[in-house]
Amino acid sequence: MKEWKRTHTCGELRPAHVGQTVRLNGWVHRIRDLGGLVFVDLRDRTGLVQVVFDPAIDAELHRRAGDLRVEYCVAIAGEVRRRRPGAENPKLATGEIEVFAHALHVFSPSKTPPFPINEENLQVDEMVRLKYRYLDLRRPAMYARLELRHRVVKFIRDFLSERGFLEVETPILIKSTPEGARDYLVPSRLYPGKFYALPQSPQQLKQLLMVAGVERYFQIARCFRDEDPRADRQPEFTQLDLEMSFVERDDILNLIEELYIGIVEQCSSKRVIKPFPRLTYDEAIARYGTDKPDLRFGMELCDLTDALRETQFQAFRNVIESGGIVKAIAIPGCAGYSRREIEELTEFVKRFGAKGLATMALTEEGIRSPIAKFLSEDELQAILARTNAQTGDLIAIVADTPRVVHEALGRLRQRMGIQLKLADPNLMAFAWVIDFPLFEWDEAEGRWNSTHHPFTAPHEEDIPLLDTDPSKVRAQCYDLVCNGNELASGSIRIHRRDLQDKVFKLLGYTDAEIQERFGHLLEAFEYGPPPHGGIAPGIDRTVMLLTDDETIRNVIAFPKNTAMVDVMFGAPSPVSEEQLRELHIRIVLDEDDAERHGARED
RNA sequence: GGGGCUGUAGCUCAGCCAGGUCAGAGCGCUAGCCUGUCACGCUAGAGGUCGCGGGUUCAAGUCCCGUCAGCCCCGCCA
């Protein structure tokens with residue numbers, strides 16, 4: 001290696017280097033063999049440079065260059081020369097110069113890669129990319145993602161360090177507390193029949209750090225949740241976990257707002273809207289039908305309930321009389337939608353519980369609508385006025401319970417915003433959503449659930465409602481949303497033992513359960529816990545938004561696929577009898593499982 | 001647990017909806033030619049159990065059933 005060690009990187013060479021003899025290390029990106037002259041684009045992580053093999057310099061070397069193949073890992077030594085006039089390549093940062101090789105060393109040859117490394121815009125089957133992830137990551141676009149992620153995390157570390165935060169590591173092997181998502185379990189060898197769990201988040205640990213007097217904590221924390229995957233989810237993912245003592249909500253909101261403005265402005269070329277709008281949960285639901293609205297476009301939900309209270313259209317009237325609501329959105333420019341296209345939208349909203357979708361197309365010739373004949377002129381005018389629809393728009397109306405109406409129209413709004421390209425891809429439209437309800441009623445279980453988590457503090461003035469109407473208690477919690485994604489979630493925590501007990505009781509925990517699951521935290525809270533609160537932004541999603549990726553997998557170096565399989569390593573995999581014996585574990589498969597997956601290593 | 005889409009050469013795809021020259025294209029690969037290319041060019045060639053199994057038919061990438069795999073979504077994600 002020593003005599004071939006590089007003096008320069010490929011991407012840094014400029015006309016200023018002309019005349020210098022340089023050594024370069026890298027991979028053969030592309031070869032153009034003209035017979036009498038061989039051009040090789042040499043690539044390292046900094047970029048590309050053109051190397052020329054000229055028989056006039058060394059005939060034998062020129063011959064050997066002809067044997068090079070793509071992705072060979074090589075060193076070359078040569079002289080930097082300015083390119084002859086007209087031969088410059090403005091597409092390359094190094095395009096004004098080239099390196100005339102006088103020596104070549106092949107560190108290692110390469111088989112032909114299973115997919116092209118040198119084609120930027122080729123969409124390759126993700127299964128193949130994941131299997132050969134080390135080759136996928138060689139592609140400059142993928143390296144750029146790793147690099148961006150590094151810069152984002154470094155910015156976070158610097159930003160918080162400057163503000164007095166301490167980065168503290170918390171354990172990966174902790175205790176299973178069967179709240180929320182399914183835990184990943186790790187069997188204990190020393191304690192037969194007992195298990196550790198991987199943290200879904202360091203939630204309780206960071207609160208204990210506040211009791212410990214750390215005051216300002218953060219961690220780039222790996223979290224594990226055994227739930228079914230999605231494009232924006234992985235079984236393990238990374239959060240910026242953060243907690244502060246002696247603060248109130250706005251201290252955290254202001255800090256994170258400044259942090260995210262910094263991330264976007266320092267690490268990307270996207271725009272942010274400052275300051276971040278703040279919406280209450282109720283407002284977000286009412287206007288956008290979701291608690292994670294995409295604010296890059298309008299198309300807000302309009303309430304038609306009042307205007308249609310006396311309507312003769314039974315479908316609406318029945319809904320309203322039984323306590324439901326009627327809302328609408330005006331979808332711009334879609335008045336020309338065919339029956340088939342409208343039918344497709346109807347199917348879409350039905351997936352979210354709507355019984356149907358009423359539409360009114362505002363064409364040049366007037367209103368085209370299957371329901372117009374059931375509505376009075378006043379009612380039609382009210383709908384037009386409230387939706388502020390213009391000629392050419394398609395008004396989409398859903399009548400149902402508030403929950404269904406908001407879900408269906410909220411999803412339709414988001415989908416159409418993207419489909420109609422109303423959302424500026426260069427804009428990061430952040431917003432805070434605040435004042436979530438502390439509890440939500442769980443129909444299936446017939447009890448209250450925490451909207452955020454059971455340590456979330458209620459608003460002071462709402463505490464009396466805990467005894468009278470828990471559904472009306474607002475939580476001191478907050479979500480950071482951006483472009484229709486939830487990026488972060490946090491809250492001011494309960495630090496009073498009596499209040500915490502009261503909340504646990506409301507959630508239906510018995511004293512024994514409270515003791516078993518939260519005893520350690522509650523005991524700590526008997527030793528002078530400070531008022532505290534925190535937040536946990538998702539790092540993967542943050543980076544994914546900055547890179548415009550459709551999936552979180554693209555910003556994770558070694559992700560799992562949607563079957564939760566690591567196709568490069570082949571994990572999960574069977575383990576040996578010996579390993580199982582040590583862990584006191586016996587595999588019990590039912591017949592279907594046994595047929596589909598062997599769980600033992602033979 | 002449920003739904004949708006996809007599966008043809010190493011890669012990206014056409015062919016399927018009207019079953020019968022349907023084993024095809026581009027890129028890549030191999031060989032030859034080529035001294036200013038930069039997606040080099042030109043010539044020739046190799047390469048496919050059309051995901052797998054079954055069925056219908058004289059005949060199946062093509063139609064039917066099942067199954068596997070991938071992606072997306074619903075449920076789930078305190």
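Predicted model only: the values in this text are computed from it and were never measured. The sequence lines fix the lettering, A, B, ..., with proteins before strands; numbering per chain opens at 1.
Taking atom NE2 of residue A/His62 and atom P of nucleotide B/C34, one finds them 10 Å apart after rounding to whole Å. A straight line from CD1 of A/Ile552 to P of B/C72 spans 11 Å, rounded to a whole angstrom. Atom CZ in A/Arg351 sits about 7 Å away from atom P in B/C74, given to the nearest Å. If you take CG of A/Leu92 and P of B/U37, they are 15 Å apart, rounded to a whole angstrom. A/Leu34 places its CG atom 16 Å from the P atom of B/G32, with the value rounded to the nearest Å.
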Side-chain donor-acceptor distances from residues 77-87 of chain A under 3.5 Å, at least two apart:
from, atom 1, to, atom 2, distance (Å)
A/Arg83, NE, A/Gly95, O, 3.3
A/Arg83, NE, A/Ile97, O, 2.9
A/Arg83, NH1, A/Ala87, O, 3.0

Which pairs would a plain distance check flag for residues 109-119 of chain A, meaning a side-chain donor or acceptor within less than 3.5 Å of a matching protein atom at least two apart in sequence or in another chain?
from, atom 1, to, atom 2, distance (Å)
A/Asn118, ND2, A/His29, O, 2.9

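For the atom pair CH2 of A/Trp448 and CG of A/Asp442, the computed distance is 11.0 Å after rounding to the nearest 0.5 Å. For the atom pair A/His495 NE2 and A/Gln500 CD, the distance stands at 11.5 Å (nearest 0.5 Å).
The same atom, P, is picked in B/U62 and in B/G45; the two are 30 Å apart, to the nearest Å. To the nearest whole angstrom, the two P atoms, one in B/G51 and one in B/G10, are 13 Å apart. B/U57 sits 12 Å from B/C64 when the C1' atoms are compared, rounded to a whole Å.
For A/Glu344 and A/Arg415, the salt-bridge test passes: some basic side-chain N is under 4.0 Å from an acidic carboxylate O.
Aromatic ring pairs are classed by plane angle as parallel below 30°, tilted from 30° to 60° and perpendicular above 60°; the pair A/Tyr134 and A/Tyr132 is perpendicular.
In this structure, B/G26 shows a glycosidic angle more than 90 degrees from zero, which is the anti conformation.
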Measure all distances between protein nitrogen or oxygen atoms and nitrogen or oxygen atoms of nucleotides 75-78 of chain B, and list the pairs falling under 3.5 Å.
from, atom 1, to, atom 2, distance (Å)
B/G75, N7, A/Arg230, NH2, 2.8
B/G75, O6, A/Arg230, NH1, 3.1
B/G75, O6, A/Arg230, NH2, 3.4
B/G75, N1, A/Asp228, OD2, 2.7
B/G75, N2, A/Asp228, OD2, 3.3
B/C76, O2', A/Glu227, OE1, 2.5
B/C76, O2, A/Arg233, NH1, 3.4
B/C76, N3, A/Arg233, NH1, 3.2
B/C76, N3, A/Arg233, NH2, 2.8
B/C76, N4, A/Arg230, NH2, 3.3
B/C76, N4, A/Arg233, NH2, 2.7
B/C77, O2, A/Arg233, NE, 3.2
B/C77, N3, A/Arg233, NH2, 3.4
B/A78, OP2, A/Arg225, NH1, 3.4
B/A78, O4', A/Gly180, N, 3.0
B/A78, O3', A/Ser450, O, 3.1
B/A78, O2', A/Ser450, O, 3.2
B/A78, O2', A/His452, O, 2.3

Quick test: give all pairs of protein nitrogen or oxygen and nucleotides 27-31 of chain B nitrogen or oxygen below 3.5 Å, distance rounded to 0.1 Å.
from, atom 1, to, atom 2, distance (Å)
B/U30, OP1, A/Arg69, NE, 2.8
B/A31, OP2, A/Arg69, NH2, 3.2

What nitrogen or oxygen pairs link the protein and nucleotides 12-17 of chain B at under 3.5 Å?
from, atom 1, to, atom 2, distance (Å)
B/U12, OP1, A/Asp125, N, 2.4

Using the 3.5 Å cut-off, write out each protein N or O paired with an N or O of nucleotides 2-6 of chain B and the distance between them.
none

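Base-pair partner of B/U67: B/G51 (Watson-Crick or G-U wobble, both distances under 3.5 Å). Of all nucleotides present, only B/C33 satisfies the Watson-Crick or G-U wobble test against B/G41, with each distance under 3.5 Å. The base-pairing partner of B/G19, taking Watson-Crick or G-U wobble contacts with both distances under 3.5 Å, does not exist among the strands shown. Figure legend. B/C27 is base-paired to B/G10; pairs are counted as Watson-Crick or G-U wobble with both atom distances under 3.5 Å.
Lacking a ring centre under 5.5 Å from that of the base six-membered ring together with a plane angle below 30°, A/Phe115 does not count as stacked on B/C11.
Among residues two or more places apart in sequence or in another chain, the salt bridge (Lys or Arg N to Asp or Glu O under 4.0 Å) test is passed with A/Asp400 by A/Lys355. With sequence neighbours left out, A/Arg496 forms a salt bridge (Lys or Arg N to Asp or Glu O under 4.0 Å) with A/Asp498. Contacts of A/Phe504 classified as ring-ring contact (aromatic ring centres under 6.0 Å, His included), with partners at least two apart in sequence or in another chain: A/Tyr509, A/Phe518. A search for salt bridge (Lys or Arg N to Asp or Glu O under 4.0 Å) contacts involving A/Arg517 returns A/Glu179, not counting sequence neighbours. Residues satisfying the side-chain contact (heavy atoms from CB on, under 4.5 Å) criterion with A/Gln123, sequence neighbours excluded, are absent altogether.
Residue A/Ala231 is in sugar-phosphate contact alone, with no base atom involved, counting any heavy-atom pair closer than 4.0 Å across all strands shown. Base engagement by A/Glu88 is indicated by at least one non-hydrogen atom pair under 4.0 Å involving a base atom. Within 4.0 Å of A/Glu98, counting heavy atoms only, lies at least one base atom of the nucleic acid. Among the heavy atoms of the strands, none lies under 4.0 Å from A/Asn118. Across all strands shown, A/Phe100 has heavy atoms under 4.0 Å from base atoms, whether or not it also approaches the sugar-phosphate. Within 4.0 Å of A/Ala563, counting heavy atoms only, lie sugar-phosphate atoms of the nucleic acid but no base atom. Using a 4.0 Å heavy-atom distance criterion, A/Arg415 is classed as making no nucleic acid contact.
Checked options A/Arg30, A/Arg43, A/Arg139; the residue passing with A/Glu71 is A/Arg43 (criterion: salt bridge (charged side-chain N to carboxylate O under 4.0 Å, His left out)).
The shortest distance between the side-chain N/O atoms of A/Arg129 and the OP1/OP2 oxygens of B/G10 is not below 4.0 Å. Between A/Lys91 and B/A39 there is a side-chain polar atom (N or O) within less than 4.0 angstrom of OP1 or OP2. A close approach under 4.0 Å does not occur between any side-chain nitrogen or oxygen of A/Arg32 and OP1 or OP2 of B/U37.
For A/Thr290 (side chain) and A/Lys292 (main-chain N/O), a donor-acceptor pair under 3.5 Å exists by modelled atom type.
Nearest to the side chain of A/Met127, among B/G70, B/C72, B/U37, sits B/G70.
Checking A/His459 against A/Arg249 by side-chain atom types alone, no donor-acceptor pair falls below 3.5 Å.
For A/His17 and A/His8, the ring centers are positioned less than 6.0 Å apart.
Each side chain to side chain donor-acceptor pair (under 3.5 Å) pair with one or both residues in residues 86-102 of chain A, not counting sequence neighbours, appears once here: A/Gln50-A/Glu98.
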